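Structure, as structure tokens:
In what follows, every heavy atom counts, from backbone to side chain, and hydrogens, waters and symmetry copies are set aside. Worth saying up front: this structure is predicted, and the values here are computed from it rather than measured.
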Amino acid sequence: VMAGSILLSPSSRYHSLLLSTLTTTHHNTLFPPDATHLLSNSSSYLARSNTHNLNAQMLASLLHTYSTTHQSPRVISRVLYPSISPPNTSSTAGTAYYLHHMRSGTAPAPTGPPYDEMEGNDSFTPGFGCLLSIDFPSKRVAKAFYDHLHVHQGPHLGAHLTIALAFNDLLWGAEESVRKYHAGYGAVPEQVRVSVGLEEWEDLKEVFEEALGWAKKEAIKQVAEAVFVAAVPVE
């Protein structure tokens with residue numbers, strides 16, 4: 001079951017207009033059992049968000065560390081996640097921006113009935129979300145990583161299971177002019193996007209380290225080929 005919602009900010013200058021419009025035009029056609037199922041799914045939302053945030057931040061740290069320790073040959077060009085500083089700079093402006101706008105934490109619910117019967121009663125510590133991206137030095141290295149990354153593939157975000165997609169190459173890789181335009185602001189075709197799921201961290205770590213091993217093999221192979229070509233005399 002999937003559904004959406006609209007939250008109106010009281011501080012918006014359009015609040016009154018939007019509220020009156022929605023009040024007069026919205027018709028609730030949600031099937032009652034669907035509403036019950038949505039409510040059940042929502043009860044553990046904060047607990048799931050905690051795990052999404054924690055897994056994504058640990059994965060981003062793992063990948064970033066790998067990018068700094070495996071530079072000859074380079075396997076990862078950069079990791080895009082709010083907790084990681086931009087390359088070639090010590091600035092944490094991006095992280096600071098997220099922290100400034102981040103929601104506050106949530107204290108645990110009171111103990112005793114009826115709270116003991118409810119799911120998702122734990123405290124909530126806000127984080128940077130489940131989405132991160134990995135830039136590779138070449139499409140060959142990106143492909144080796146992607147082909148050996150044993151997670152589900154697709155564009156969905158926030159699922160229970162980790163999902164990866166070569167998003168930029170899929171959307172804009174067919175036409176050279178379009179590909180160059182998007183690469184100009186950083187959406188390069190050598191990027192793999194990952195929506196981190198709720199798996200056990202050690203399982204995730206093992207899966208990504210295996211894919212990184214294949215990417216490293218391809219990077220070494222590319223360097224060897226380049227050296228061979230450079231050594232071949234031109235007649």
Side-chain angles (χ1 to χ4, degrees), residues 52-92 94-95 127-155 157 161-174 176 179-180 182-197 199-232:
H52 274 134
N53 291 335
L54 184 59
N55 277 351
Q57 184 149 353
M58 288 194 296
L59 180 58
S61 296
L62 172 73
L63 295 168
H64 179 64
T65 299
Y66 195 94
S67 72
T68 59
T69 56
H70 293 75
Q71 296 190 347
S72 184
R74 179 176 289 275
V75 179
I76 295 176
S77 299
R78 65 172 178 168
V79 179
L80 291 91
Y81 193 71
S83 64
I84 306 298
S85 298
N88 304 320
T89 177
S90 60
S91 171
T92 56
T95 304
F128 297 110
C130 65
L131 182 65
L132 60 87
S133 295
I134 315 159
D135 285 358
F136 295 91
S138 71
K139 287 186 68 173
R140 282 177 54 178
V141 176
K143 185 177 186 300
F145 175 86
Y146 187 66
D147 287 348
H148 295 89
L149 182 62
H150 299 303
V151 300
H152 292 272
Q153 298 173 341
L157 301 179
L161 300 175
T162 296
I163 300 174
L165 186 67
F167 188 84
N168 298 339
D169 194 42
L170 178 65
L171 261 64
W172 306 307
E176 183 177 1
R179 182 175 66 251
K180 287 183 176 181
H182 291 289
Y185 61 82
V188 296
E190 299 85 6
Q191 184 182 102
V192 174
R193 192 182 78 171
V194 181
S195 171
V196 185
E199 297 94 339
E200 293 293 330
W201 164 243
E202 289 300 324
D203 294 337
L204 272 178
K205 182 172 179 286
E206 181 180 351
V207 167
F208 276 82
E209 285 181 337
E210 180 182 355
L212 286 170
W214 285 96
K216 181 179 179 180
K217 290 179 182 179
E218 188 60 39
I220 292 173
K221 183 179 178 181
Q222 272 196 278
V223 170
E225 290 174 356
V227 171
F228 175 78
V229 171
V232 174

* Asked: Would you say Glu200 has more than 12 foreign heavy atoms packed within less than 6.0 Å of its CD?
  -> no
* State, yes or no, whether a side-chain contact exists between Leu170 and Leu165 at a heavy-atom distance under 4.5 Å. => yes
* Taking all non-hydrogen atoms of both residues, which atom of Ala60 and which atom of Val79 are closest, and how far apart? -> O-CG1, 4.1 Å
* Just jot down the side-chain hydrogen bond (donor to acceptor under 3.5 Å, both in side chains) partners of Asn168, sequence neighbours excluded, or say none. => Gln191
* Who passes side-chain hydrogen bond (donor to acceptor under 3.5 Å, both in side chains) against Ser138, sequence neighbours left out? -> Gln222
* Asked: Would one find more than 12 heavy atoms of other residues, nucleotides or ligands at under 6.0 Å from atom CD of Glu206?
  -> no
* Would you call the rings of His182 and Tyr185 parallel, tilted or perpendicular, where under 30° means parallel and over 60° means perpendicular? -> perpendicular
* To do: May I ask you to decide if His64's main-chain N or O and Tyr81's side chain share a donor-acceptor pair within less than 3.5 Å?
  => no
* List the atom of Thr95, the atom of Phe128, and the distance in Å for their closest heavy-atom pair. => CG2-CZ, 3.9 Å
* Minimum heavy-atom distance between Val151 and Ala164, given as atom pair plus value -> CG2-CB, 3.8 Å
* To do: For residues Leu62 and Trp201, determine if any side-chain heavy atom of one lies less than 4.5 Å from a side-chain heavy atom of the other.
  => yes
* Structure fact -> Sorted by chain and residue number, the salt bridge (charged side-chain N to carboxylate O under 4.0 Å, His left out) partners of Lys205 (sequence neighbours excluded) come out as Glu209
* Asked: Looking at CE of Met58 and CG of Asn53, how far apart are the two atoms once the value is rounded to the nearest 0.5 Å?
  -> 11.0 Å
* Asked: With sequence neighbours left out, what residues match Glu199 under salt bridge (charged side-chain N to carboxylate O under 4.0 Å, His left out)?
  -> none
* Any side-chain heavy-atom pair from Val196 and Ile163 closer than 4.5 angstrom? -> no
* Evaluate the side chain to side chain contact (heavy atoms under 4.5 Å, CB included) criterion for residues Lys217 and Ile220: first the C-alpha distance (whole Å), next the side-chain angles of each, then the deciding distance (0.1 Å), finally the verdict. => CA-CA 5 Å; Lys217 290 179 182 179; Ile220 292 173; 5.9 Å; no
* Mind checking what makes ring pair (Phe, Tyr, Trp, His ring centres under 6.0 Å) contact with His150, not counting sequence neighbours? -> none
* To do: Would you please name every residue forming a side-chain hydrogen bond (donor to acceptor under 3.5 Å, both in side chains) with Lys216, sequence neighbours left out?
  => none
* Apply side chain to side chain contact (heavy atoms under 4.5 Å, CB included) to Leu157 and list each qualifying residue two or more places apart in sequence or on a separate chain. => Leu131, Arg193, Ser195
* For Ala211, which residues count as a side chain to side chain contact (heavy atoms under 4.5 Å, CB included) partner, sequence neighbours excluded? -> Phe145, Leu149
* Asked: Partners of Arg179 by side chain to side chain contact (heavy atoms under 4.5 Å, CB included), sequence neighbours excluded?
  -> Glu176, Pro189
* To do: Report yes if the side chains of Phe208 and Leu59 come closer than 4.5 Å at any heavy-atom pair, otherwise no.
  => yes
* Structure fact -> Distance col, row Ile76:CD1 vs Thr68:OG1, nearest 0.5 angstrom, shows 9.5 Å
* **salt bridge (charged side-chain N to carboxylate O under 4.0 Å, His left out) involving Lys139 - partner list, sequence neighbours excluded** => Asp169
* For Ala142, all residues meeting side chain to side chain contact (heavy atoms under 4.5 Å, CB included), sequence neighbours excluded -> Phe136
* Euclidean distance, Leu204 CG relative to Leu161 CG, rounded to 0.5 Å -> 9.5 Å
* To do: Go through Arg78 and Asp135 one step at a time and tell me if the side chain to side chain contact (heavy atoms under 4.5 Å, CB included) criterion holds.
  => CA-CA 5 Å; Arg78 65 172 178 168; Asp135 285 358; 2.7 Å; yes
* Ignoring hydrogens and geometry, is there a side-chain-to-backbone donor-acceptor pair from Thr162 to Gly197 under 3.5 Å? -> yes
* For Arg140, what residues pass the salt bridge (charged side-chain N to carboxylate O under 4.0 Å, His left out) criterion, not counting sequence neighbours? -> Glu218, Glu225
